[in-house]
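Note sheet for the following structure.
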Amino acid sequence: MANMNVFAFAESRNGELRRAALEAVTAARGVADSTGGQVHAMLAGGPGIGALAEKLAGCGADVVVVLEGAGFTNYNPEALAATVAARLTGGAYRAAFFVASAQGRDLAPRVAAKCKLPIASDVTDFTVSGDAVAVKHPGYTGKVIQSFTLRAATAIVSLRPGAVLPKPNAKAGTVESVSSAIDAAAVRVRVTSTVQSEGAKLDLGEAPVIVSGGRGLKEAANFKLVEDLAAAFGNAAVGATRAVTDEGWRPHSDQIGQTGRLVSPQLYIACGISGAIQHLAGMRTSKTIVAINRDKEAPIFKIADYGIVGDCLEILPVLTAAVKEAKKGA
Amino acid sequence: MKIAVLIKRVPDMDVRFKIAPSGTAVDESGLKFDISDFDGYAVEAALQIKEKQADPASSEVVVISLGPDVVQETLRKAMSMGADRAVQLKYDTPLHDSSAIAAALAAELKTGSYDLIMFGRMSIDTANQSTGTYVAELLGVPIITAISQLTTSDRQLTARRELEGAYELIECDLPAAVSIDEGIARPRYPSLKGIMAAKKKPLETKPAQVGEERYKLDKMELPPERAAGRIIGEGKDAVPELVRLLKEEAKVL
Ligand SMILES: Cc1cc2nc3c(=O)[nH]c(=O)nc-3n(C[C@H](O)[C@H](O)[C@H](O)COP(=O)(O)OP(=O)(O)OC[C@H]3O[C@@H](n4cnc5c(N)ncnc54)[C@H](O)[C@@H]3O)c2cc1C
Ligand SMILES: Nc1ncnc2c1ncn2[C@@H]1O[C@H](COP(=O)(O)O)[C@@H](O)[C@H]1O
């Protein structure tokens with residue numbers, strides 16, 4: 001297994017690198033350092049995307065494989081999967097890392113299927129040794145940790161966002177251009193547009209702080225209080241429960257839980273959220289949890305590090321002011 | 001329109017799981033089982049497509065599940081919601097490698113000339129999030145994953161897929177496969193009439209032709225418990241103490 005290279009998929013959207021890209025490259029770097037091989041990161045996008053190669057070099061890419069063309073301005077699942085698969089089949093890679101963002105979750109299994117390889121999905125921890133890769137993958141809505149061994153020439157690993165933190169580690173990042181393995185315009189699955197959601201600033205998967213609101217906020221307009229607190233932190237995103245997305249107060253893409261997003265921020269602030277099991281499934285791995293709820297028996301208090309019993313409509317503005325003040329001092 | 005929906009039988013998640021003595025499974029005693037969440041949404045979405053056809057009776061919704069005989073109960077449930085018939089791909093040992101499961105599903109689907117094949121975005125228990133994509137690749141049909149909206153015409157489908165802070169609009173010709181995210185439809189409750197009718201609907205059992213497993217389960221364990229929470233105070237007067245703790249103890253401010 002000596003000197004085997006490691007592949008990383010570097011996600012971008014609308015001409016910008018995603019954090020997922022740096023996480024994948026950092027994971028690959030760790031493995032390449034033990035195999036003595038190189039990290040090859042693939043970057044795909046519309047004309048000009050190659051300019052982002054430098055950032056990948058900064059996280060440890062020895063080679064940046066650039067797939068650039070009008071056919072890749074929007075995510076092009078079929079042409080991209082075919083091109084990544086061709087690269088993996090030709091390259092004797094020890095492992096290929098993807099990050100299970102919305103895009104990575106779609107792409108990684110496509111690549112695995114094309115290469116006729118098994119996949120380890122939504123991996124929170126991994127070790128590479130000899131011809132085996134051992135992974136941990138939470139299942140049963142996070143209530144059971146499953147440990148697997150993956151045996152394959154190239155281990156295809158899709159990491160849970162945030163499982164690996166991007167680390168600077170400058171390498172050459174030699175750019176190598178490739179063209180699409182299939183006609184990028186003659187694909188069957190056509191992404192016709194990528195629409196930015198209204199008001200979406202920081203993404204839930206990437207934000208170190210999440211302020212989340214439940215039915216206890218009473219109405220859509222009161223989410224202003226949640227947004228204000230998020231703004232006071234500066235690095236926070238806004239989440240919601242299904243009760244809230246069902247009411248249409250927030251879009252479904254903000255929903256955290258069993259059937260929404262799985263998040264693990266440094267700090268999760270639950271406002272007017274009861275703590276139903278399906279909600280906890282999406283956020284119980286957060287580092288620090290704060291709960292504000294009127295009902296001192298609410299289940300959310302069982303997992304909250306810090307709880308305040310009271311009316312969130314009254315407490316939120318005070319907390320926002322205090323956080324602003326604290327940030328000023330910092 | 002001929003639609004296949006792939007459904008998995010999973011335990012109800014609203015419990016505290018125990019690990020079985022084997023160390024590689026959850027202890028199933030006392031657990032309730034049902035259709036995996038996203039697969040239930042897929043069944044509902046399929047039924048709605050059928051109902052919207054000019055001549056619904058000429059459309060067919062077929063539900064397929066791989067597993068031991070107990071999956072027949074899950075298939076009957078889907079038929080009581082309105083699916084027309086069911087196929088059990090019989091396999092008695094638990095499987096974990098989605099590419100091995102996909103081989104068996106694809107072998108069955110190949111013979112069915114379906115216009116649309118529907119999966120859940122992920123199974124709620126083992127959560128591989130990849131079975132549908134393997135199946136589509138084996139069948140050579142296009143797949144769109146994790147869609148939250150779907151419209152179909154005779155020859156095409158249009159779908160919406162949620163991204164982080166954005167969404168994509170996607171189109172694709174039929175025949176095609178999709179995997180379903182939440183947002184599309186909540187599953188209906190079976191009516192009494194539906195439950196009676198389901199008893200007479202055809203349920204066929206065949207041996208599953210699974211592939212080789214190269215992704216092997218070594219162990220299942222419970223995650224570490226979170227330390228018990230504490231309530232630090234009541235009302236807005238507790239805010240200064242909270243901010244202090246976030247700063248000094250949790251170091252997140
Ligand atoms: C198959 C399935 C999947 C699901 N998936 C998800 C999922 O992914 N995510 C999810 O979140 N849910 C999910 N749910 C729904 C889940 O079961 C709960 O219904 C939901 O999480 C409840 O949301 P909530 O806490 O906002 O509302 P509620 O449970 O109604 O709680 C509101 C809370 O606000 C408190 N409150 C009221 N007023 C105030 C006030 N002024 N100040 C402070 N506190 C106040 C109340 O004491 C209460 O605890 C799912 C359910 C099912 C069946
Ligand atoms: N044993 C099974 N029987 C039928 N369908 C399945 C089975 N396992 C997985 N699937 C389908 O594949 C989807 C994705 O499963 P997974 O890849 O395990 O997350 C599920 O939502 C089902 O639609």
Side-chain angles (χ1 to χ4, degrees), chain A residues 75 101-102 105-106 109-110 112-114 118-122 139-141 143-152 188-197 200 203-205 252-253 258-259 266-267 277 284 288 290 296 301-310 314-315 318-319 322-323 326, chain B residues 13-14 17 26 37 96-99 124-130 133-134 137 142 144-146 148 161-173 182-183 214-223 226 228-236 238-240 242-243 245-247 250 252-253:
Chain A
Y75 174 49
S101 61
R105 259 198 319 266
D106 181 75
R110 288 181 190 272
K114 287 227 173 294
I119 188 172
S121 296
D122 200 21
Y140 297 79
T141 70
K143 291 179 166 184
V144 175
I145 308 296
Q146 314 173 104
S147 297
F148 288 96
T149 306
L150 182 61
R151 280 182 205 283
R188 302 166 301 176
V189 174
R190 301 173 294 275
V191 176
T192 52
S193 58
T194 307
V195 184
Q196 206 62 35
S197 305
D203 175 60
L204 285 172
H252 176 67
S253 51
Q258 178 171 325
T259 49
Q266 295 297 305
L267 175 61
I277 203 89
R284 67 182 329 139
T288 300
V290 172
K296 68 176 191 322
F301 286 128
K302 292 216 175 65
I303 65 148
D305 299 283
Y306 310 122
I308 299 184
V309 179
E314 183 190 309
I315 294 167
V318 180
L319 181 56
V323 168
Chain B
M13 295 294 146
D14 200 352
F17 287 104
V26 297
D37 298 15
H96 299 97
D97 183 337
S98 46
S99 68
I124 207 78
D125 56 350
T126 52
N128 282 322
Q129 311 179 34
S130 53
T133 303
Y134 280 110
E137 179 68 27
I144 309 180
T145 66
S148 59
R161 189 169 192 280
E162 305 296 328
L163 310 177
E164 299 85 4
Y167 62 88
E168 284 170 345
L169 297 176
I170 309 173
E171 48 178 52
C172 170
D173 294 341
E182 200 178 62
R214 290 172 290 172
Y215 185 54
K216 292 224 171 79
L217 181 70
D218 298 319
K219 183 168 74 181
M220 281 195 183
E221 59 199 325
L222 301 180
R226 270 195 94 86
R230 69 180 144 134
I231 289 177
I232 59 168
E234 281 187 27
K236 59 182 191 301
V239 166
L242 174 62
V243 170
L245 289 166
L246 292 179
K247 248 196 215 159
V252 286
L253 231 180

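Please read these numbers as outputs of a predicted model, since none were measured by experiment. By convention in this document, chain letters (A, B, ...) are assigned in the order of the sequence lines, proteins followed by strands, and residues within each chain are numbered from 1.
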Heavy-atom pairs under 4.5 Å with chain A - which of [options] has more of them than the others?
options                            : result
S99(B), S130(B), P240(B), S98(B)   : S130(B)
K216(B), R226(B), M13(B)           : R226(B)
E162(B), H96(B), E221(B), Q129(B)  : E221(B)
L222(B), V243(B), L163(B), D173(B) : L163(B)
T126(B), L246(B), I144(B)          : T126(B)
L169(B), V252(B), N128(B)          : L169(B)

Problem - Separation of R161(B) CZ from E168(B) CD (nearest 0.5 Å) - result: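 The CD atom of E168(B) sits 6.0 Å away from the CZ atom of R161(B).
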Exercise for the section: Can you measure from CD (E182(B)) to CD (Q258(A)) and round to the nearest 0.5 angstrom? Expected result: 9.0 Å
Exercise for the section: Report yes if the side chains of M220(B) and Y140(A) come closer than 4.5 Å at any heavy-atom pair, otherwise no. Expected result: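 M220(B) vs Y140(A): side chains touch.
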Handout entry: I308(A) and K236(B), any side-chain heavy atoms less than 4.5 Å apart
Key = no
Handout entry: Criterion side chain to side chain donor-acceptor pair (under 3.5 Å) on S147(A) and D218(B), from CA distance to verdict
Key = CA-CA 6 Å; S147(A) 297; D218(B) 298 319; over 6 Å; no
Name the member of [options] that forms the most heavy-atom pairs with chain B at distances under 4.5 Å.
options                            : value
I145(A), I277(A), V318(A)          : I145(A)
A112(A), S193(A), A152(A)          : S193(A)
G310(A), A304(A), S253(A), G307(A) : G307(A)
I315(A), L150(A), T259(A), V309(A) : T259(A)
E314(A), Q146(A), R105(A)          : Q146(A)
I303(A), V195(A), V191(A), T194(A) : V195(A)

Of the backbone (N, CA, C, O) and the side chain (C-beta and beyond), which part of [X] lies under 4.5 Å from a heavy atom of chain A, both, or neither?
X       : answer
D125(B) : both
L217(B) : both
A250(B) : both
Y167(B) : both

Heavy-atom distances under 4.5 Å only: say whether [X] touches chain B with side chain, backbone, both or neither.
X       : value
D122(A) : side chain
L204(A) : neither
K302(A) : backbone
A120(A) : both

Practice task
Salt-bridge test for E137(B) and K114(A): reply yes if a basic N is under 4.0 Å from a carboxylate O, no otherwise.
Solution key: yes
Handout entry: Pair T145(B), D106(A): side-chain N/O donor-acceptor within cut-off below 3.5 Å
Key =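 Side chains of T145(B) and D106(A): pair found under 3.5 Å.
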Completion exercise
Shortest non-hydrogen pair, P142(B) vs V189(A), comes out as CB-CG2, 3.7 Å
Practice task
Identify the heavy atoms of A326(A) and K247(B) that sit nearest to each other, and give their distance.
Solution key: CB-CE, 3.7 Å
Problem - Main-chain N/O of G165(B) paired to Q196(A) side chain as donor or acceptor, under 3.5 Å - result: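 Yes, Q196(A) side chain to G165(B) backbone: donor-acceptor pair under 3.5 Å.
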Practice task
Any chance you could lay out the side-chain contact (heavy atoms from CB on, under 4.5 Å) test for F301(A) and I231(B), step after step, and finish with the verdict?
Solution key: CA-CA 7 Å; F301(A) 286 128; I231(B) 289 177; 4.0 Å; yes
Exercise for the section: Give the ring-plane orientation class for F148(A) versus Y215(B), where under 30° counts as parallel, over 60° as perpendicular and anything between as tilted. Expected result: parallel
